[in-house]
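Data block below; observations after.
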Amino acid sequence: MNMPLHQSLRIGGYIFKQKLRRREKFPLIMELEPLFACNLECGGCGKIQKPAHELKKRMPVEQAVGAAEECGAPMVSIAGGEPLMHPEVDRMVNELVSRKKFVFLCTNAVLLRKWMDRFDFKPSKYFAFAIHVDGLRERHDASVAKEGVFDEVVAAVRELKQRGFRVTTNTTVFSTDTPQSVIDVLDYLNNDLQVDEMMISPAYAYEDAPDQDHFLGVEETRELFSKAFANGNRKRWRLNHSPMFLDFVEGKVDFGCTAWGVPLYCLYGWQKPCYLLDDGYAETYRELIEDTDWESYGRGNDPRCDNCMAHCGYEPSAVTATLGSLRETVRAARGTG
Ligand code: SF4
Ligand code: SF4
């Protein structure tokens, strides 16, 4: 993973402690959705199809911080919806940062430049923006179903970098992508915009997403990434994933799902079993772990999991496999893709 050294050391130490305690299931990243509302309507999004009264709700900061403390994950990814539509998202970030959580604020960036000075965000080694960029101009604007968004994203990234913030990106890949479109966007983010790190996500086929025609199957995902990563590309890019997760998406290794490592807390509670499926809610992380039948999920166990290669199910599996092998641990520590 190309994460900063201090972050790698903290996460490594945290995982080591869990192993010493013989804790089988523990959280690596907490996904936090403090609202469902968004200012875009992307065709592949399965998060915003809620009744109007639900879209108006905002999670109190104390509730979000309490859930993060109970769960204990060292990293928190704040998403939604669009988190900048939460009037106290800056206080939420600052409270988590003051508890030494590594916080990622996942935003489509449309409101960033306009509202930046309304919020009290401060550059910190514990805080990074994670900006949604699915492709270059035409591809991204088609993905978010609105013209002009790509140009706004680019301007926002430049402004954030100028103000000293750490900026990462997240690129979701659909069947409309080709190896070349993935190469083009990652080259642009890596070399031209020079963001700090980039994430990739094979799109998950949400049942509620308006566009059901452009999700990739497992074999298509593997083929697309193995071609995009060829010729040394993977090594050149600052990808924010463990080498074994990248091996997984290009089909060099396979894992079972370990969704307990990336639990989701939203306005309804801890979502079972993961960020993508919605099989009920638990009041506490402990209850989520103890009351979920984890064996009934994953490829081959639940048809809804058959095409899933999302990081929320498989990045913790990759991290666990990495720590089980000295060779892989050294490869990850070196940041060699
Ligand atoms: S920006 Fe994110 S939350 Fe908003 S509609 Fe698009 S995918 Fe969904
Ligand atoms: S494979 Fe895991 S992460 Fe993917 S949908 Fe199923 S339970 Fe969720």
Side-chain angles (χ1 to χ4, degrees), residues 15 18-19 22-33 36 44-47 49-50 67 70-73 75-77 79 106 170 172-174 199-209 212 215-222 225 241-242 244-324:
I15 296 172
Q18 309 308 309
K19 295 279 171 198
R22 299 186 185 280
R23 214 174 151 196
E24 245 179 62
K25 296 186 175 68
F26 54 86
L28 210 51
I29 307 176
M30 171 189 179
E31 297 277 356
L32 176 60
E33 289 179 352
F36 297 124
C45 181
K47 292 282 173 185
Q49 294 76 13
K50 301 272 188 296
E70 190 248 331
C71 142
M75 297 182 271
V76 181
S77 171
C106 304
N170 190 13
T172 304
V173 176
F174 295 85
M199 283 181 282
I200 46 157
S201 310
Y204 176 74
Y206 286 109
E207 283 172 0
D208 289 344
Q212 289 290 319
F215 294 116
L216 291 160
V218 169
E219 285 312 319
E220 292 167 301
T221 301
R222 287 173 175 157
F225 281 111
H241 295 284
S242 62
M244 287 202 88
F245 179 75
L246 297 174
D247 288 348
F248 168 75
V249 293
E250 64 170 313
K252 290 180 175 168
V253 291
D254 203 5
F255 303 121
C257 164
T258 49
W260 41 260
V262 187
L264 168 72
Y265 186 71
C266 70
L267 286 159
Y268 305 142
W270 294 95
Q271 184 165 300
K272 297 179 183 181
C274 69
Y275 177 79
L276 304 165
L277 299 180
D278 184 352
D279 287 352
Y281 299 89
E283 272 184 34
T284 60
Y285 176 72
R286 189 176 174 160
E287 187 188 317
L288 172 80
I289 293 302
E290 289 175 358
D291 292 359
T292 305
D293 179 9
W294 299 101
E295 303 304 315
S296 65
Y297 295 101
R299 228 173 297 137
N301 298 327
D302 184 320
R304 296 172 299 171
C305 299
D306 283 349
N307 286 327
C308 177
M309 295 185 83
H311 85 281
C312 65
Y314 296 96
E315 183 70 86
S317 322
V319 170
T320 307
T322 301
L323 292 170

What class does the angle between the rings of Y268 and Y281 fall in, given that below 30° is parallel, 30 to 60° is tilted and above 60° is perpendicular?
-> perpendicular

Exactly one of F248, F245, F255 clears ring-ring contact (aromatic ring centres under 6.0 Å, His included) with Y314, and that residue is F248

Side chain W260, main chain L288, donor-acceptor under 3.5 Å = no

Return the set of residues passing side-chain hydrogen bond (donor to acceptor under 3.5 Å, both in side chains) with E295 (not counting sequence neighbours), or none when no residue passes.
-> none

R23 atom CZ: more than 12 heavy-atom contacts under 6.0 Å | yes

Side chains of I15 and L28: does their closest heavy-atom pair fall under 4.5 Å?
-> yes

Closest heavy-atom pair, P273 versus L277, reported as atoms and distance to 0.1 Å, is CD-CB, 3.6 Å

Close side-chain approach of R299 to C257, heavy-atom, < 4.5 Å = no

CA sep, side-chain torsions, deciding dist, call: E290, K25, side chain to side chain contact (heavy atoms under 4.5 Å, CB included) = CA-CA 10 Å; E290 289 175 358; K25 296 186 175 68; over 6 Å; no

Smallest separation among heavy atoms of S201 and N170, with atom names = OG-OD1, 3.0 Å

Check step by step if side chain to side chain contact (heavy atoms under 4.5 Å, CB included) holds for V262 and Y275.
-> CA-CA 8 Å; V262 187; Y275 177 79; 5.9 Å; no

Does the T258 side chain pair with the main chain of S317, one donor and one acceptor, at a distance under 3.5 Å?
-> yes

Pairs satisfying salt bridge (charged side-chain N to carboxylate O under 4.0 Å, His left out), at least one member in residues 263-285, at least two apart | D279-R304

